[in-house]
Amino acid sequence: MLLVEQRAPDGFVDVADVITAEEIARVTEDYRRTAGFSLASLQRGTSLLDEPFPA
Amino acid sequence: VRGVDRDLGCVVIGAGIGGLATALSLHEIGATVEVFESVRELRSLGVGINLLPHAVRELDALGLLDELGARSVAPSQLVYCTRRGQEIWREPRGLAAGYPWPQLSIHRGVLQEILLQALIDRVGTEALHLGQALVRIEQVGDRPRAVFEDGRVDADLVIAADGIHSVARAQRFSQEGPPLWNGSLLWRGVAEIDPVLDGRSMIWAGHPEQKFVGYPIADLPGGRQLFNFIAELRRPESDLATREDWNRKGSLEDFLPSFEDWDFDWLNVPAIVRSASETFVFPMVDRDPLPRWTFGATTLLGDAAHPMYPIGSNGASQAILDARVLAGCLRRDPDSPRDALDRYESVRRPATAAIVQANAASGPSCPCCWSSSVPRTGLSTSPT
């Protein structure tokens, strides 16, 4: 969001001129993965209580 | 996978979200558990928080999803916009994004109340000891002993979930000092308003220097909603940043003037702020990741282990994940509980360190910033 403020401090007509959807999607997906809740990681229904963590 | 022996006596320090989730999870695997909390009365402190789908999955496994769902709001989308209200991006959240579990926005006090009631129902009131302030953890023979101001208890395992001002953490890392402040202050409050957008939207407006985050946390009769908000300002010179506390009152004049022109046609920030009966002020603080959480039969959990900036809905969610991994490791390794604690740490410490660092960097990996890094300093007031 700071990136958008820096690139367009007075606002914009079309946000695509400021930041691409791909840029934002990459950032938000990276964060989901870091925080452990990417969509792919939750498709298995296993609770962490049953997760076979390696020794 | 068999459960642990009921003779495995576990002491949990702290009856916050992480401590209660830990106690319920330990009870679920068959351990004996007691919770020791420093306050004499548990009150509904805090404002709104978010539970991410992976944490909700664990609360569902604990049999709490129905009650949580009835007392929260499941956001359908997150809308990012500028300080002028221009939309930058919106993305679906929770079930709307295809997750098998919802994201839940809920009052922290309500979540704590639900966890506490479950503990009382399942384990009994005798498992909860209020007014027990931890002084230190000792080792007596091969067992840990939790020493309180007016008593002590020996256990097989001690799990310290005593928050960002953790006594157990300070005992092990006495040179660490106060939490690190990045120069931003957060004013948090809850207002009763008409729904914004679809009434299921989280809103992030502005940028790291000045930001407003809001989301509904409860539906009210008549169509109104309780709307949680966080107004954030960079104020590195402020004397308000003394200590992180859930119960520190804020003043409108300290922050509202900066948001007076944030009246968009779809979101009126000053009106929402004025609707709140009270606000609470918090410094944006965290601590650096630790090199170690586990010492023999004692370990850290939740904010005691990995306090992080409240960005990205992670605080309570990560504490719940800690609790479940800890209990899962004990269940898989019931004959070697100390090895299980080591395994818990090996899973959770690097995972949470990555989030602490992502939130602190305020950089490209942080979803609300996407740029730049802000230095942090120690608070002027030491934890007490």
Side-chain angles (χ1 to χ4, degrees), chain A, chain B residues 1 25 28-29 52-55 57-58 60-62 78 80-84 86-89 91 97-101 103 204-209 211 312-314 317-318 321 324-325 327-329 331-333 339 343-344 346-347 351 354-355 358 362 364-372:
Chain A
M1 296 169 78
L2 183 58
L3 201 60
V4 175
E5 178 70 17
Q6 290 168 335
R7 291 179 183 177
D10 299 319
F12 48 78
V13 175
D14 184 347
V15 68
D17 297 333
V18 181
I19 191 168
T20 67
E22 289 74 21
E23 278 182 278
I24 301 174
R26 186 175 62 249
V27 169
T28 55
E29 177 55 22
D30 281 353
Y31 190 77
R32 278 192 288 270
R33 200 173 298 117
T34 299
F37 70 107
S38 68
L39 188 56
S41 70
L42 264 79
Q43 290 307 321
R44 289 184 305 132
T46 314
S47 162
L48 289 173
L49 208 64
D50 302 316
E51 195 76 29
F53 296 112
Chain B
V1 179
S25 300
E28 182 183 354
I29 64 168
L52 295 169
H54 53 359
R57 174 188 62 193
E58 302 305 324
D60 186 19
L62 279 168
L78 170 55
Y80 296 96
C81 66
T82 68
R83 60 187 167 86
R84 299 163 187 270
Q86 284 190 290
E87 182 175 326
I88 301 169
W89 171 258
E91 62 183 25
Y99 286 95
W101 289 272
Q103 180 171 328
W204 290 19
H207 52 79
E209 300 288 313
K211 188 168 62 180
S313 310
N314 267 297
S317 296
Q318 295 299 326
L321 301 190
R324 302 297 284 174
V325 171
C329 290
R331 186 160 77 164
R332 294 192 71 82
D333 212 353
D339 292 342
R343 186 177 301 183
Y344 149 74
S346 73
V347 173
I355 304 169
S362 297
S365 59
C366 177
C368 70
C369 307
W370 307 345
S371 183
S372 91

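The shown structure was predicted, so the numbers you read here are calculated from the model rather than taken from an experiment. Each chain gets a letter, A, B and so on, in the order the sequences are listed, and its residues count up from 1. What's counted below: heavy atoms across the whole structure, side chains too, no hydrogens, waters or symmetry copies.
Without hydrogens or angle criteria, B:His207 side chain to A:Gln6 main chain gives no donor-acceptor distance under 3.5 Å.
The residue among B:Arg57, B:Glu87, B:Glu58 with the most heavy atom pairs within less than 4.5 Å of chain A is B:Glu58. Of the listed residues A:Leu42, A:Val15, A:Val18, A:Thr46, the one with more heavy-atom pairs under 4.5 angstrom with chain B than any other is A:Leu42. Taking B:Thr82, B:Asn314, B:Asp60 one by one and counting their heavy-atom pairs under 4.5 Å with chain A, the maximum is reached by B:Asn314.
For A:Arg26, no part lies under 4.5 angstrom from a heavy atom of chain B. Only the backbone of A:Glu51 has a heavy atom closer than 4.5 Å to any heavy atom of chain B. For chain A, no part of B:Leu78 is nearby; none of its heavy atoms comes within less than 4.5 Å. For a residue to count as touching a neighbouring chain, one of its non-hydrogen atoms must lie under 4.5 Å from one of that chain's; by this rule B:Leu52 touches chain A with the side chain only. For A:Ala25, the parts lying near chain B are the backbone and the side chain together; criterion is any non-hydrogen pair under 4.5 Å. Only the backbone of B:Ala97 comes within contact range of chain A, with at least one heavy atom under 4.5 Å from a heavy atom of that chain. Residue A:Asp14: no heavy atom, backbone or side chain, is found under 4.5 Å from chain B. Heavy atoms of B:Cys329 lying under 4.5 Å from chain A belong exclusively to its side chain. Using a 4.5 Å cut-off between heavy atoms, A:Ala8 does not touch chain B at all. With a 4.5 angstrom heavy-atom cutoff, B:Ala205 touches chain A only via backbone atoms.
Annotation for B:Arg324 and A:Ser47: closest pair NH2-OG, 3.4 Å, computed over non-hydrogen atoms. Shortest non-hydrogen contact noted between A:Tyr31 and B:Ala358 is CE1-CB, 4.2 Å. A pairwise comparison of heavy atoms in B:Pro53 and A:Phe37 identifies CD-CD1, 4.1 Å as the closest pair. Nearest heavy-atom pair across B:Gly98 and A:Gln43 is O-NE2, 3.6 Å. The minimum heavy-atom distance linking B:Arg331 with A:Leu49 is given by the pair NH2-O, 3.6 Å.
Here the OG1 atom belonging to A:Thr28 is positioned 5.5 Å from the CH2 atom belonging to B:Trp89, to the nearest 0.5 angstrom. To the nearest 0.5 Å, atom CD1 of residue B:Ile88 and atom CG of residue A:Leu3 are 9.5 Å apart. Distance check, rounded to the nearest 0.5 Å: CD of B:Glu91 to CD of A:Glu29 gives 9.5 Å.
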